[in-house]
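Every heavy atom of this structure was used, including side-chain atoms; hydrogens, water molecules and symmetry mates were not.
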Number of protein chains: 2
Amino acid sequence: MDVAHSGVLEVGIPVACRSCQARHGVVCGVLSSGQLKDLGRHSLRRKVDAGCEIIAQGSESSFYSNIMRGVVKLCKVMPDGRQQIVGLQFAPDFVGRPYVRESTLSAEAATDAEICVFPRNLIDRMISETPELQRSLHDQALKELDAAREWMLTLGRRTAEEKVASLLDLIATHAEPQTATSTAFDLPLSRAEIADFLGLTIETVSRQMTRLRKSRIIRIENFRHIVVPDMDELERMIGA
Amino acid sequence: MDVAHSGVLEVGIPVACRSCQARHGVVCGVLSSGQLKDLGRHSLRRKVDAGCEIIAQGSESSFYSNIMRGVVKLCKVMPDGRQQIVGLQFAPDFVGRPYVRESTLSAEAATDAEICVFPRNLIDRMISETPELQRSLHDQALKELDAAREWMLTLGRRTAEEKVASLLDLIATHAEPQTATSTAFDLPLSRAEIADFLGLTIETVSRQMTRLRKSRIIRIENFRHIVVPDMDELERMIGA
DNA sequence: GGGAAACTTTGATCTGGATCAAAGCGCGGT
DNA sequence: ACCGCGCTTTGATCCAGATCAAAGTTTCCC
């Protein structure tokens with residue numbers, strides 16, 4: 001709020017960073033202004049369309065990314081084509097696997113997105129020199145682990161209807177909070193992607209969505225846009 | 001191997017640590033001998049029987065643990081009793097959730113086990129003072145995340161038979177390596193626990209085990225003891 | 001060392017979600 | 001504005017795995 005004060009702090013940081021969604025995120029939020037400047041010089045802001053692959057499964061990537069806008073899906077594919085989405089990442093998350101170059105999963109823009117691409121070895125060096133960054137990435141990794149384990153419960157033990165409700169809850173929670181109990185948002189995923197996230201088929205996802213619609217728990221406008229009049233109601237469907 | 005050399009390194013470290021499985025693990029392996037001594041003074045070696053709960057879901061724990069021997073299962077339970085095992089930990093893994101006191105899961109000894117219990121705030125202090133420890137725990141967290149995501153694929157997209165094969169492969173991989181291709185091991189989990197890990201019922205687990213036995217991929221001796229004559233054969237069942 | 005409880009296997013049947021099939025719907029391109 | 005393709009919904013049928021039921025093993029407690 002205080003212009004003079006923020007001026008002092010922001011002096012010398014890259015112009016592109018000043019209004020960046022991820023400026024105070026996991027990586028950039030803990031760097032010194034010198035480091036931020038250094039990183040800014042070597043990073044590349046990139047717009048990617050929905051469907052664009054950022055990291056390929058099985059490939060070695062020499063980059064990490066920060067999500068500035070949009071949603072990224074993390075995906076695993078079996079040789080026979082079966083597919084499972086194993087995580088969603090939202091701005092301002094960090095995308096990449098420190099310490100292991102070869103990726104065991106693909107990262108793909110689920111919506112149109114903007115990402116900030118960092119050279120791997122620069123970040124690696126900063127991690128080893130900056131305990132605050134190490135700690136921050138450790139923290140994100142642990143949060144992702146919590147989320148992954150919560151999702152394992154969903155995949156292993158919830159019914160199709162509970163699964164779909166869980167997904168809507170997850171998206172609603174990450175979309176900006178709306179009024180006290182009601183929420184509206186655009187789904188960042190197609191029905192096929194939802195199916196791959198929930199371990200279901202397209203048809204089952206569609207049927208369960210219309211079930212939720214008919215029981216007035218959600219309204220569906222234009223396939224992608226969802227209104228949840230009462231989040232508590234939705235959460236009651238999840239059964240935990 | 002060199003007694004004099006190892007003597008120099010090991011001088012002053014706690015007696016109990018000298019032959020400990022976890023001595024060179026994620027935590028103790030990166031501490032200075034001074035820190036190890038300090039930690040040794042404040043830690044408690046404890047034998048726990050199979051089934052003993054180490055951390056309760058929803059509780060606040062003021063301890064972390066190291067597994068010295070045995071297997072620990074990480075478990076989530078829904079209010080209606082449905083249950084999902086979300087991870088297995090083996091010696092010398094670290095058990096606990098840095099940065100968040102309240103546990104979202106329970107940790108329970110799956111077999112008789114020995115653990116080394118550390119006071120939470122001592123470890124927290126060491127983490128903040130020791131980048132090597134931070135890095136080591138970060139690394140374990142990322143490995144657990146990789147494993148969790150791999151298991152999400154198993155839960156969401158594999159058939160019952162593939163799931164059981166995946167579990168046997170997981171256990172076989174963590175049991176000590178045997179001859180080139182063949183392996184034998186004791187299952188650390190009951191059929192009910194296997195079901196809760198795979199998102200199946202006891203009956204389905206049992207049926208798939210006898211299927212694998214009848215197709216000569218495994219031999220079952222005394223329910224818990226499994227022989228895999230050819231690990232490649234088993235891995236072919238997993239379909240990825 | 002006997003007996004009971006707990007665990008495991010096996011069998012019969014049922015069902016939630018998959019698969020197969022065919023319309024709706026909406027959007028982008030010409 | 002129209003056409004065509006891709007996405008979504010809806011319907012009919014099927015089947016992998018759940019549920020219900022019962023018998024066989026093992027462990028271990030007295």
Sidechain N-carboxylate O distance under 4.0 Å for A/R120, A/E60: no

Side-chain donor/acceptor contact of B/E193 with base of C/dC7 under 3.5 Å: no

Whole-Å distance separating the NZ atom of B/K163 from the C1' atom of D/dA18: 12 Å

Between C1' of D/dC20 and CZ of B/R207, the distance in whole Å: 11 Å

Spacing of A/K214 atom NZ relative to D/dT9 atom C1', expressed in whole Å: 10 Å

Whole angstrom value for the distance that separates P of C/dC7 from CD1 of B/I220: 18 Å

Nearest-nucleotide comparison on DNA chain D, the residue closer to the 5′ end among A/R157 and A/R213: A/R213

Below 4.0 Å: OP1/OP2 of D/dT10 and any side-chain N or O of A/S206: no

Aromatic ring pairing A/Y64/A/F94, orientation class (parallel under 30°, perpendicular over 60°, tilted between): tilted

Strictly under 3.5 Å: I want the nitrogen or oxygen pairs between protein and nucleotides 15-17 of chain D, one per line.
residue : atom : partner : partner atom : Å
D/dG17  : OP1  : B/A160  : N            : 2.9

Value in whole Å for how far the P atom of C/dT8 lies from CD of B/E203: 12 Å

Rounded distance (Å) that lies between atom C1' of C/dG28 and atom CG of A/N222: 15 Å

Ion pair A/E102/A/R97, N-O distance below 4.0 Å: no

Separation of atom CD1 in A/I226 from atom C1' in D/dT8, rounded to whole Å: 12 Å

Nearest listed nucleotide, side chain of B/F223, among D/dT9, C/dT8, C/dT10: C/dT8

Side-chain donor or acceptor of B/Q89 paired with backbone N/O of B/V95 under 3.5 Å: no

Salt bridge flag under 4.0 Å for residues A/E162 and A/R211: no

Charged N-O contact under 4.0 Å between A/R69 and A/D112: no

A/R191 vs D/dT9: side-chain N/O to OP1/OP2 distance below 4.0 Å: yes

Value in whole Å for how far the C1' atom of D/dT27 lies from CZ of B/R224: 12 Å

Carboxylate-amine/guanidinium contact B/K143 B/D139, below 4.0 Å: yes

